[in-house]
Amino acid sequence: MVVASEQELVERIWARDATLWTGADEDRWLGWVDEPKRMQERVGEILAFAEQARARFEAFVLLGMGGSSLAPEVLRRTFGAQGFHVLDTTHPAMIRRLEQLLEETMFIVSSKSGTTLETRSHFEYFWERVRDGERFVAITDPG
């Protein structure tokens with residue numbers, strides 16, 4: 001059996017090579033490989049939004065579970081982001097801790113499907129306490 005190098009594997013993923021997978025249509029789930037190029041067109045808009053948000057809020061809480069919160073958590077830890085919190089649990093102590101930041105917080109609701117029960121529950125919980133649509137942003141699949 002020939003083992004591909006890491007570089008070859010990466011190139012084959014970017015090429016959407018269906019032979020890398022089990023044959024159960026996983027290659028159809030690779031829409032994310034188009035995101036860097038698609039988002040590059042919106043860098044100016046995103047930076048402007050970030051600057052406005054930083055001027056208004058002291059804390060940011062990402063409400064998400066699993067895949068919707070993993071990359072933000074890795075980036076938070078990697079770069080030591082102060083004032084950025086990821087809520088990827090239903091543990092009451094964590095929710096209460098973040099509840100102490102209500103006055104200064106923007107909430108980022110992150111769900112690939114928009115239907116993740118825990119994320120929707122987090123949103124509804126914090127919405128009941130804040131009720132300010134300008135303090136919530138949703139990141140989800142537009143489809």
Side-chain angles (χ1 to χ4, degrees), residues 4-143:
S5 71
E6 289 180 19
Q7 180 66 31
E8 290 171 321
L9 285 174
V10 169
E11 289 171 3
R12 289 171 62 192
I13 290 171
W14 283 100
R16 298 174 189 254
D17 182 348
T19 64
L20 285 172
W21 316 108
T22 67
D25 297 332
E26 294 96 337
D27 58 309
R28 294 185 320 166
W29 306 337
L30 293 172
W32 58 269
V33 300
D34 299 325
E35 282 308 303
K37 185 175 183 179
R38 199 173 13 246
M39 294 310 293
Q40 195 169 26
E41 299 168 0
R42 300 184 68 187
V43 167
E45 177 187 345
I46 293 167
L47 289 173
F49 175 81
E51 287 301 318
Q52 291 172 352
R54 277 195 296 233
R56 181 168 176 204
F57 301 103
E58 293 182 33
F60 299 84
V61 175
L62 183 125
L63 309 173
M65 300 298 282
S68 297
S69 62
L70 180 59
E73 179 65 17
V74 168
L75 294 172
R76 183 189 73 77
R77 289 181 186 199
T78 300
F79 296 106
Q82 299 297 315
F84 179 59
H85 311 274
V86 176
L87 183 60
D88 182 358
T89 180
T90 56
H91 194 286
M94 292 299 296
I95 294 169
R96 280 193 298 272
R97 185 174 72 85
L98 293 174
E99 200 171 22
Q100 296 172 8
L101 305 173
L102 287 181
E103 296 304 317
E104 59 203 37
T105 300
M106 171 177 270
F107 295 92
I108 304 160
V109 183
S110 179
S111 170
K112 289 178 282 199
S113 68
T115 61
T116 306
L117 179 61
E118 297 89 347
T119 303
R120 289 189 59 85
S121 296
H122 287 149
F123 163 68
E124 291 172 14
Y125 180 83
F126 287 107
W127 175 260
E128 286 300 316
R129 280 141 188 83
V130 175
R131 290 198 176 269
D132 178 357
E134 292 184 10
R135 296 185 46 200
F136 288 85
V137 175
I139 300 173
T140 189
D141 180 351

> In Å and rounded to the nearest 0.5 Å, what is the NZ to OG1 distance from K112 to T115?
Replying inline: 11.0 Å
> Taking C-beta and beyond as the side chain, do V137 and F49 meet within less than 4.5 Å on heavy atoms?
Replying inline: yes
> How long is the span from the OG1 atom in T89 to the CE atom in M94, to the nearest 0.5 Å?
Replying inline: 7.0 Å
>> Checking F126 now: which residues fulfil ring-ring contact (aromatic ring centres under 6.0 Å, His included) with it, not counting sequence neighbours?
In response: F107
> How many angstroms lie between OG in S110 and CG in L70, if you round to the nearest 0.5 Å?
Replying inline: 11.0 Å
> Minimum heavy-atom separation for Y125 to I95, with atom names?
Replying inline: CE2-CG2, 3.5 Å
> Is the count of non-hydrogen atoms from other residues, nucleotides or ligands lying under 6.0 Å from E124 atom CD greater than 12?
Replying inline: yes
> Residues two or more places apart in sequence or in another chain: which of them pass salt bridge (charged side-chain N to carboxylate O under 4.0 Å, His left out) with E128?
Replying inline: R131
> Looking at R12 and D17, what are the two nearest heavy atoms and their distance?
Replying inline: NE-OD2, 2.8 Å
> Pairs in or reaching into residues 91-100: which pass salt bridge (Lys or Arg N to Asp or Glu O under 4.0 Å), with residues at least two apart or in two chains?
Replying inline: E99-R129
>> Run the side chain to side chain donor-acceptor pair (under 3.5 Å) test against S111 and tell me which residues pass, sequence neighbours left out.
In response: T116
>> If I compare all heavy atoms of W14 with all of P36, which pair ends up nearest, and what's the gap?
In response: CH2-CG, 4.3 Å
>> Minimum heavy-atom separation for L101 and A59, please, with both atom names.
In response: CD1-CB, 4.2 Å
> Taking all atoms of both residues into account, what is the closest heavy-atom pair of E134 and F57, and its distance?
Replying inline: O-CZ, 3.9 Å
>> Taking atom CD as the centre, does E35 end up with more than 12 heavy-atom neighbours from other residues, nucleotides or ligands that are less than 6.0 angstrom away?
In response: yes
> At what distance, to the nearest 0.5 angstrom, does CD1 of I139 lie from OG1 of T119?
Replying inline: 11.5 Å
>> Using the side chain to side chain donor-acceptor pair (under 3.5 Å) criterion, which residues pair with Q52? Sequence neighbours excluded.
In response: none
> For residues 63-86, which residue pairs qualify under side chain to side chain donor-acceptor pair (under 3.5 Å), counting only residues two or more places apart or in two chains?
Replying inline: S69-D88, E73-R76, E73-R77
> Does CZ in R42 sit with more than 12 non-hydrogen atoms of other residues, nucleotides or ligands closer than 6.0 Å?
Replying inline: no
> Any side-chain heavy-atom pair from H122 and M65 closer than 4.5 angstrom?
Replying inline: yes
